[in-house]
There are 2 protein chains.
Amino acid sequence: MITNKQIKRNNFLTQGVHLLMTQGYHATGVNEIAKAVQVPKGSFYSYFNSKEDFAAETITHYIEPFIQLLKKHIEQSPHDTLAALKNYYEELIITVGKNGYKGGCLLGNMMGEVGDTSELCNQALKSAVERYRLLQYHALIKAQKQGTVRQDRSAEMMANLLVNSWQGALLRMKIEKSVQPLQEFYDTLLGDYFISA
Amino acid sequence: MITNKQIKRNNFLTQGVHLLMTQGYHATGVNEIAKAVQVPKGSFYSYFNSKEDFAAETITHYIEPFIQLLKKHIEQSPHDTLAALKNYYEELIITVGKNGYKGGCLLGNMMGEVGDTSELCNQALKSAVERYRLLQYHALIKAQKQGTVRQDRSAEMMANLLVNSWQGALLRMKIEKSVQPLQEFYDTLLGDYFISA
DNA sequence: TCTTAATAGTTGACCAGTCATCTTTAATTG
DNA sequence: CAATTAAAGATGACTGGTCAACTATTAAGA
C-alpha cells in the first residue's frame, strides 16, 4: 500500500506538471487535478497539505527529467561538452515545439505568477533553477577547458545568460506561436557568442 | 462628462497595471479592481466589455510610459545612443528595485500566465512587445552607425537578446529577491557583448 | 474488534457577469 | 421660465458556478 500510494502521488505530480504548465496556478483547481488522476477530490488532502504545497512539489518534480536529460547528454559526449549542450537544446526545442507553443516552461510560468507571492513555491523555484543553472555552469567550465567555449568570459555569466534568455525566448515563443525565438537563442549564444575564437 | 469618464477609465487602467502586475490575472478579481478605483463593481462593465478586454487594454496602457521614457533618453543623447540605452536601463533597474523585487514586468507576467490562453491578451502582448523591441532595435542601429555598438552582429539579434534576457533576468530577480540578475544583464550585454571592439 | 485510511458531501467565500431599479440629465411642452 | 416627461447612465443585489479546505461517515486492514 505504501508503494501504491507513492505511485498515485507521483501520478498527481505528473498530471500537476501538465495542468499547471498549460493553465497556470490560479486557473487550475484542486478538483480538476484530482479528476485528472482519477482520485476523489476529497482525497487530495491525504496526499498533499495544500494546493500551494502541491505546486511546490510539482516544481521540484518537473525539473528532474530535464536535469537527467542534460546529464545524459554530457556523459555521452565526455570530450565535447559544448556539443552535449547544443544537442540538449536542439532536443529541447523540438520537444517544446511539439506542444504547439503552449505552456513553455513550468519554472518560468510559476516564477512569473507566484514566484513573489508564495513562499513555498519561491523556495522550490529557487532551488530548481539553481540546480539546473549549476549543471549548465559546470558544463560550460568543462567546455572551456576543452577549448570549445571561449575562456575570456566567465562561465558564471554565460550560464546566467543561457538560463535567462532561454526563459525570455520561451515567453516570446508563446505569444508569437513560433519556435523561431528559441532557434535564435540557440544560434546567438551556443552558435556564436560562447564559441571560442 | 466625456472627459470625466475618460479620466476614470484611465484610472482603471493605472490601477489595473498595479494589481495585475503584483497579483496576476486570475488572482485579481473585478470586484477588487473596481474597489481600487472607488467605482461600484457594477460600473466596471460600462467601462470595459469584460475582464479579458480590460487586461488587454491594461497591457497596452502599461508599455506606453516605458516607450516614452526610452524615446526621451534617445532624444536627449542624439550622438550617443548606446549611452541613452545604458541610462535608460540604469534608471529602470533602480525603479524596479524600489518595488521590492515584486511584480517585475507586466508583459512578462502576462505572457507567462495568459499569453497562450487569451487571444485578446495575446494580441495586446504581441503588439506591445513588438513596439518596445523595435524601438530598441532602431536604437541599436543608430549606435552601430555611431561606432559604439559592434557592427559584426545584427541589431535584430541584439534587440531580441536584449528583450529576452531582460525578461529572464526579471524572473530571476523575483525568486532571488535581488536586483543582481538585472545588474548582471546590464554588464553582460550593454557593458560587454554589444560593445564595439 | 479496533484502528487507520479513504472519501462524499458540505462549508463559507468568492468568481465574472447580468439586470432591475434608481438617479441624473436633457428635451419638450404649457 | 417652470413643470413634466423621456432618455441615459449609474449601481448594488443577484445569478449560476467554482474555489480551497474541512469533516463526518464509511470502508478496509490488522
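All values reported here derive from a predicted model rather than from experimental measurement. All chains are named by letter (A, B, ...) in the order of the sequence lines, taking the proteins before the strands, and each is independently numbered beginning at 1.
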Atom pair distance, as rounded to whole Å: [atom1] in [X] and [atom2] in [N]:
X      : N       : atom1 : atom2 : answer
Q23(A) : dT18(D) : CD    : C1'   : 14 Å
H26(A) : dA16(C) : NE2   : P     : 12 Å
Y25(B) : dC15(C) : OH    : C1'   : 11 Å
K8(B)  : dG9(D)  : NZ    : C1'   : 12 Å
Q38(A) : dA8(C)  : CD    : C1'   : 18 Å
Y45(A) : dA21(D) : OH    : P     : 4 Å
L19(B) : dC15(C) : CG    : P     : 12 Å
K35(A) : dT7(C)  : NZ    : P     : 15 Å

Output yes when [X] and [Y] qualify as a salt bridge under the 4.0 Å nitrogen-oxygen rule, no when they do not.
X       : Y       : value
D192(B) : R153(A) : yes
E184(A) : R172(A) : no
E176(B) : R133(A) : no

* Considering only side-chain heavy atoms of P40(B), which listed nucleotide, dG12(D), dA10(D), dG17(C), is closest? ->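 Of the options given, the side chain of P40(B) lies nearest dG12(D).
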* Asked: Nearest of dC19(D), dA6(C), dA16(C) to any side-chain atom of S46(A)?
  ->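 Comparing dC19(D), dA6(C), dA16(C) against the side chain of S46(A), the answer is dA6(C).
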* Asked: Would one find a side-chain N or O of S43(A) under 4.0 angstrom from OP1 or OP2 of dT7(C)?
  ->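 For dT7(C), OP1 or OP2 has a side-chain N or O of S43(A) closer than 4.0 Å.
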* Phosphate contact (dG12(D) OP1 or OP2) by K41(B) side-chain N/O below 4.0 Å ->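 Checking K41(B) against dG12(D): no side-chain N or O falls below 4.0 Å of OP1 or OP2.
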* Asked: If only atom types and distance count, is the side chain of Q76(A) paired as donor or acceptor with the main-chain N or O of A84(A) below 3.5 Å?
  ->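 A pair under 3.5 Å: no.
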* Check: S165(B) side chain, L161(B) main-chain N or O, donor-acceptor pair, under 3.5 Å ->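 Looks like yes, one N/O pair under 3.5 Å.
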* Asked: When only distance counts, do a donor and an acceptor, one from the side chain of K5(B) and one from the base of dG9(D), lie under 3.5 Å apart?
  ->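 In this structure, the two groups form no donor-acceptor pair.
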* To do: Starting from the 5' end of DNA chain D, give me the residue, E32(A) or N49(A), whose nearest nucleotide shows up first.
  =>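 Mapping each residue to its closest nucleotide by heavy atoms, the 5'-most match is E32(A).
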